Amino acid sequence: MARVIAVANQKGGVGKTTTCVNLAASLAATRRKVLLVDLDPQGNATMGSGVDKYEVEYSAYDLLVEETPAEQVIVRDTSGKYDLIAANADVTAAEIKLMEFFAREVRLRNSLESVKDQYDFIFIDCPPSLNMLTVNAMGAADSVLVPMQCEYYALEGLTALIDTITKLAAVVNPDLVIEGILRTMYDPRNRLANDVSDQLKQHFGEKVYRTVIPRNVRLAEAPSFGAPAIYYDKSSAGAKAYLALAGEMLRRAERNEPATEEV
């Protein structure tokens with residue numbers, strides 16, 4: 001049965017989609033079966049997977065609102081060698097439509113139930129806001145992976161996010177836990193970045209991933225070519241970092257232990 005991981009942060013521009021696409025591709029490269037669910041109406045994870053969001057026959061809207069079976073919605077031909085449930089502007093309407101349904105918080109969980117046994121990992125790319133789509137992701141997930149930049153405002157926002165996750169867990173999904181905190185766009189030459197990194201390890205300890213994602217041009221360029229970094233430039237620092245993160249996640253899963261805290 002798949003481990004379902006929501007990749008979430010209410011702050012935008014922290015690398016959620018980059019993490020989803022590159023981590024999914026890195027795990028798929030290790031012969032794990034991976035499904036990426038794009039719940040962001042911007043559809044960036046869809047485009048970054050080499051799938052044209054304007055041409056897809058089905059999207060997350062059909063899964064959540066029309067109750068189209070997941071098997072029918074899944075796109076199996078992506079540039080990252082993983083499966084995808086696409087998103088486009090239609091998903092904005094899904095957020096509004098969901099308000100009309102009973103048990104609207106668990107629509108995604110119920111929809112994914114039929115395909116969970118086909119995958120090792122299911123990642124959910126959440127929009128950068130706490131809306132009904134994010135609530136659905138939290139309702140479906142076993143855990144939440146939080147990407148964040150090592151900046152002061154990001155540190156303040158993280159405390160609020162974890163408080164939100166705790167409250168959501170109490171109402172929607174009592175088994176929901178923090179999968180880990182991932183430091184992204186990291187520049188070790190920046191004193192503030194190092195200070196915030198130290199504070200993260202001090203406050204969240206074992207929840208902070210050992211792997212750090214550097215600020216890297218190739219990671220920024222890869223989406224415009226519709227491919228994860230490991231297929232755009234496998235030798236880049238960004239590609240190597242996400243391969244390292246995939247390895248760390250697999251080792252943690254095998255040992256059933258939380259992330260170590262050393263950089």
Side-chain angles (χ1 to χ4, degrees), residues 3 5-30 32 34 36 45 48 80 121 123 125-126 128 143-159 161-162 165 177-223 228-255 257-263:
R3 289 176 60 202
I5 301 172
V7 180
N9 193 326
Q10 289 157 276
K11 190 176 186 301
V14 297
K16 290 187 296 295
T17 299
T18 299
T19 294
C20 280
V21 168
N22 287 286
L23 185 53
S26 296
L27 285 165
T30 68
R32 268 63 178 188
V34 182
L36 173 55
F121 292 92
F123 291 99
D125 187 20
C126 299
S143 58
V144 184
L145 191 160
V146 184
M148 65 164 288
Q149 291 177 258
C150 288
E151 297 176 351
Y152 176 74
Y153 288 127
L155 192 61
E156 281 211 327
L158 178 62
T159 305
L161 176 64
I162 289 177
I165 292 170
V177 296
I178 300 292
E179 175 74 20
I181 297 167
L182 176 66
R183 291 162 289 175
T184 60
M185 305 179 200
Y186 190 78
D187 184 350
R189 299 167 300 179
N190 185 318
R191 182 175 174 179
L192 176 61
N194 289 316
D195 288 347
V196 172
S197 180
D198 289 341
Q199 287 184 56
L200 277 175
K201 289 187 289 182
Q202 184 179 350
H203 287 93
F204 299 101
E206 61 187 15
K207 291 296 183 184
V208 181
Y209 283 105
R210 178 178 181 176
T211 305
V212 176
I213 309 301
R215 191 174 292 277
N216 181 248
V217 173
R218 293 297 193 222
L219 280 176
E221 290 175 346
I230 63 167
Y231 296 111
Y232 174 61
D233 184 354
K234 190 174 183 178
S235 65
S236 67
K240 289 177 179 176
Y242 277 109
L243 284 166
L245 178 62
E248 183 177 355
M249 288 189 73
L250 291 173
R251 289 192 298 274
R252 284 179 58 193
E254 287 167 5
R255 296 195 307 262
E257 291 178 359
T260 54
E261 62 179 278
E262 295 301 318
V263 177

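All figures in this text were calculated on a predicted structure; none of them were measured in a lab. All values below were derived from every heavy atom in this structure, side-chain atoms included, with hydrogens, water molecules and symmetry-related copies excluded.
- For the pair V144/V146, a side-chain contact is recorded, criterion being any heavy-atom separation below 4.5 Å from C-beta on.
- Residue A220 comes nearest to P223 through the heavy atom pair O-CD, 3.3 Å, listed as atom of the first residue, atom of the second, then distance.
- Interatomic distance, L36 CG to F123 CZ, rounded to the nearest 0.5 Å: 8.5 Å.
- Heavy-atom minimum distance, A239 versus K234: CB-O, 3.7 Å.
- Proximity of V208 to E206: side-chain heavy atoms (C-beta onward) are nowhere separated by under 4.5 Å.
- Residues R215 and M185 share a closest heavy-atom pair of NH2-O, 3.5 Å.
- Across every non-hydrogen atom of N22 and A229, the tightest pair is OD1-N, 2.7 Å.
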Give the intermediate values and the outcome of side-chain contact (heavy atoms from CB on, under 4.5 Å) for residues L219 and I213.
CA-CA 10 Å; L219 280 176; I213 309 301; 3.8 Å; yes
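- Rounded to the nearest 0.5 Å, atoms CG (L23) and CG (L245) are 5.0 Å apart.
- Donor-acceptor pairing under 3.5 Å is recorded for the side chains of S197 and R183.
- Counting only heavy atoms from C-beta outward, the side chains of P128 and K16 approach each other to under 4.5 Å.
- The two residues A29 and Y231 make their nearest non-hydrogen contact at CB-OH, 4.4 Å.
- In this structure, the separation between NZ on K240 and OG on S26 is 13.0 Å, given to the nearest 0.5 Å.
- A salt bridge is defined here as a Lys NZ or Arg NE, NH1 or NH2 lying under 4.0 Å from an Asp or Glu carboxylate O, and E179 with K207 fails to meet this definition.
- N194 and Y186 share a donor-acceptor pair across their side chains, judged by distance under 3.5 Å alone.
- Within the 3.5 Å criterion, the main-chain N or O of V14 finds a donor-acceptor partner in the side chain of T184.
- Between Y209 and R252 there is a side-chain heavy-atom pair separated by less than 4.5 Å.
- Annotation for G80 and A28: closest pair O-CB, 3.8 Å, computed over non-hydrogen atoms.
- The side-chain hydrogen bond (donor to acceptor under 3.5 Å, both in side chains) search around D187 returns R189, not counting sequence neighbours.
- In terms of the side-chain hydrogen bond (donor to acceptor under 3.5 Å, both in side chains) criterion, T159 has no residue partners (sequence neighbours excluded).
- Listed for the R32 side chain is a donor-acceptor partner under 3.5 Å among the backbone atoms of T30.
- Checked for salt-bridge contact, E221 and R218 meet the test: a charged N lies under 4.0 Å from a carboxylate O.
- Proximity of L200 to L158: side-chain heavy atoms (C-beta onward) are separated by under 4.5 Å at one or more points.
- Distance CD/E151 to CG/D195: 13.0 Å, rounded to 0.5 Å.
- When T19, T18, N216 are each tested for a side-chain hydrogen bond (donor to acceptor under 3.5 Å, both in side chains) with Y242, only one passes: T19.
- Although no hydrogens or angles enter the test, the distance criterion places a donor-acceptor pair under 3.5 Å between the side chain of N9 and the main chain of P147.
- Partners of T17 by side chain to side chain contact (heavy atoms under 4.5 Å, CB included), not counting sequence neighbours, listed by chain and number: V21, N44, A45, D125.
- In this structure, I162 CD1 and H203 NE2 are separated by 11.0 Å, a value rounded to the nearest 0.5 Å.
- One distance of note links CG of N190 with CD of Q149; it measures 10.5 Å at 0.5 Å rounding.
- Taking 4.5 Å as the limit, every side-chain heavy atom of L182 sits out of range of all side-chain heavy atoms of V212.
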